[in-house]
Amino acid sequence: MPQNLKNFNINRALQRNTIQKNLAANLIRHEYIVTTSAKAKKAKPFIESFLTDAIKQAKDVQTLPAKEQFSKFRAINYLQPPDRVECGNKIINEIADRYPNRTTGFTRLIKLEPRLGEDKAKMSVIELVDSDYEIKFWYTAKVVARMELQNIAMDDITELNVKKLTEKRINGEERFRDAVETCKVEFFKYNKEVGEVEDEAIKENLKNFRANMEYHGGSLKGTLLVSKKHPTIPRELKSDPSVIPPSPFLTQKK
């Protein structure tokens, strides 16, 4: 008997598939789910594959009449029967329009603190990217809001995170600016009319700066994303890149 089938249990396989389908349905329904890291790592590839096929087919059936959409929308059959109508309608009417230029990479996995209790299980979040409930989006907005209140420039890593979060999002820059202003009010008690932070404890906390401020617009700006293990030298730009040098094999003597 092959080694991979020696301990195979059909009941465990069916239970595992059911868990993955339920996680996929809840992710579409709530746009983020909190589960253990073991389940998240196992389920993420299957959820990603399902969303890739489902969103691709949803874009094709959007122009069809409502009665014919589900007959052509075969990817939704991956989910449990009670979840197909609700999740299918949300994918067709909402989620498919959110990703006009994205063909894959619809989910993100973020690690959390261990769960409180006896087991102390490792927890993670699976979320849909470019959604209004995206944890990384709001965390980055909070970081940028703090930097602006401290009157310091963004470092290289923060600029890269902002670029990734806004480049494929519809009206990404405007929505990110709105999120930054919201974080100023909610997390730092910033009064827009007065133009300053009202809470004294938060105001004292904002006086704490990074140990090395040269990364924020100083001499170390642009060095955080450079590889220290494999230093590279940028290539020189050619004056006329359209000119192709002759092949050395043409000059060889016959």
Side-chain angles (χ1 to χ4, degrees), residues 27-28 30-35 37 40-41 43-45 47-48 51-52 55 94-95 97-114 122-190 192 197 202 205-232 234:
L27 178 62
I28 296 170
H30 304 291
E31 301 192 8
Y32 74 95
I33 50 176
V34 180
T35 182
S37 298
K41 290 179 181 179
K44 187 177 184 299
I47 296 175
E48 188 70 39
L51 287 175
T52 301
I55 293 175
E94 183 179 346
I95 295 180
D97 297 332
R98 189 185 302 169
Y99 307 108
N101 301 320
R102 189 185 291 271
T103 58
T104 185
F106 300 102
T107 60
R108 179 185 294 115
L109 193 147
I110 300 176
K111 294 182 180 180
L112 300 177
E113 295 179 350
K122 297 181 180 179
M123 304 297 291
S124 297
V125 172
I126 304 179
E127 62 180 8
L128 292 178
V129 300
D130 299 343
S131 69
D132 295 333
Y133 307 98
E134 193 175 2
I135 293 178
K136 187 175 181 179
F137 179 81
W138 286 100
Y139 180 78
T140 307
K142 180 181 177 182
V143 172
V144 173
R146 180 183 178 89
M147 291 182 180
E148 291 183 358
L149 293 175
Q150 291 178 320
N151 295 322
I152 60 177
M154 290 189 292
D155 59 290
D156 303 332
I157 296 179
T158 306
E159 288 181 351
L160 180 62
N161 289 335
V162 172
K163 179 181 177 182
K164 289 182 177 180
L165 290 170
T166 58
E167 62 181 355
K168 291 188 177 181
R169 187 187 298 263
I170 300 175
N171 299 327
E173 295 182 359
E174 297 178 3
R175 294 171 65 182
F176 185 78
R177 287 307 314 168
D178 294 340
V180 171
E181 297 300 325
T182 302
C183 290
K184 288 182 181 179
V185 176
E186 297 295 332
F187 293 105
F188 301 101
K189 309 302 179 184
Y190 179 75
K192 295 182 179 180
V197 179
I202 297 177
N205 183 266
L206 290 175
K207 295 180 181 179
N208 298 325
F209 293 93
R210 186 174 180 173
N212 194 343
M213 293 300 297
E214 294 297 322
Y215 290 105
H216 299 268
S219 60
L220 297 178
K221 178 71 174 180
T223 60
L224 279 176
L225 301 178
V226 178
S227 176
K228 298 178 181 178
K229 184 177 181 180
H230 304 286
T232 57

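Numbers for residues simply follow the sequence, beginning at 1. Below, all heavy atoms of this structure are taken into account, side chains as well, without hydrogens, waters or symmetry copies.
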Shortest non-hydrogen contact from [X] toward [Y]:
| X | Y | result |
| --- | --- | --- |
| K184 | A145 | CG-CB, 3.7 Å |
| A40 | T35 | CB-CG2, 3.9 Å |
| D130 | K168 | OD2-O, 3.7 Å |
| F188 | V197 | O-CG1, 2.9 Å |
| K136 | L165 | O-CD1, 3.8 Å |
| I170 | P100 | CD1-CD, 4.3 Å |

Counting neighbours of [atom1] on [X] that are heavy atoms of other residues, nucleotides or ligands and sit closer than 6.0 Å, is the number greater than 12?
| X | atom1 | answer |
| --- | --- | --- |
| K44 | NZ | yes |
| N101 | CG | no |
| E113 | CD | no |

Any [X] side-chain heavy atom under 4.5 Å of [Y] side chain:
| X | Y | answer |
| --- | --- | --- |
| Y215 | T223 | yes |
| V129 | R102 | yes |
| L225 | I157 | yes |

Working to the nearest 0.5 angstrom, can you tell me the gap between [X] [atom1] and [Y] [atom2]?
| X | Y | atom1 | atom2 | answer |
| --- | --- | --- | --- | --- |
| I135 | I126 | CD1 | CD1 | 11.5 Å |
| T140 | E159 | OG1 | CD | 12.5 Å |
| N208 | R146 | CG | CZ | 6.5 Å |
| H216 | T158 | NE2 | OG1 | 7.0 Å |
| I47 | T52 | CD1 | OG1 | 11.5 Å |
| H30 | Y133 | NE2 | OH | 10.5 Å |

Self-check item: Whether R169 side chain and S131 backbone form a donor-acceptor pair below 3.5 Å
Solution: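 Indeed, once roles are kept as given, a pair shorter than 3.5 Å links the two residues.
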Exercise. Look only at the side chain of Q150 and the backbone of F209, and say whether a donor-acceptor pair between them is shorter than 3.5 Å.
Key: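 Absent.
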Quiz item: Considering residues at least two apart in sequence or located in another chain, which fulfil the side chain to side chain donor-acceptor pair (under 3.5 Å) criterion with R177?
Solution: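 With sequence neighbours excluded, R177 shows a side chain to side chain donor-acceptor pair (under 3.5 Å) to E148, E181, given in chain and number order.
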Exercise. Would you please name every residue forming a side chain to side chain donor-acceptor pair (under 3.5 Å) with R108, sequence neighbours left out?
Key: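 Side chain to side chain donor-acceptor pair (under 3.5 Å) list for R108, sorted by chain: E127, E134.
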Quiz item: Which one of L51, L128, I33 satisfies the side chain to side chain contact (heavy atoms under 4.5 Å, CB included) criterion with I28?
Solution: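 Answer after filtering L51, L128, I33: L51.
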Self-check item: With Y32 via ring pair (Phe, Tyr, Trp, His ring centres under 6.0 Å) - residues at least two apart
Solution: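 Expected list: none.
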Quiz item: Residues two or more places apart in sequence or in another chain: which of them pass salt bridge (charged side-chain N to carboxylate O under 4.0 Å, His left out) with D156?
Solution: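 Result, salt bridge (charged side-chain N to carboxylate O under 4.0 Å, His left out) vs D156: K221.
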Self-check item: Partners meeting salt bridge (charged side-chain N to carboxylate O under 4.0 Å, His left out) with R175 (sequence neighbours left out)
Solution: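 For R175 the salt bridge (charged side-chain N to carboxylate O under 4.0 Å, His left out) partners, ignoring immediate neighbours, are D132.
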Exercise. Classify the side-chain pair S219/E214 by whether it contains a donor and acceptor separated by less than 3.5 Å.
Key: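 Indeed, the side chains of S219 and E214 share at least one donor-acceptor pair under 3.5 Å.
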Practice problem: If a pair satisfies ring-ring contact (aromatic ring centres under 6.0 Å, His included) and one of its residues is in residues 136-178, list it, with sequence neighbours excluded. | Solution: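 Every pair satisfying ring-ring contact (aromatic ring centres under 6.0 Å, His included) with a residue in residues 136-178: F137-F176.
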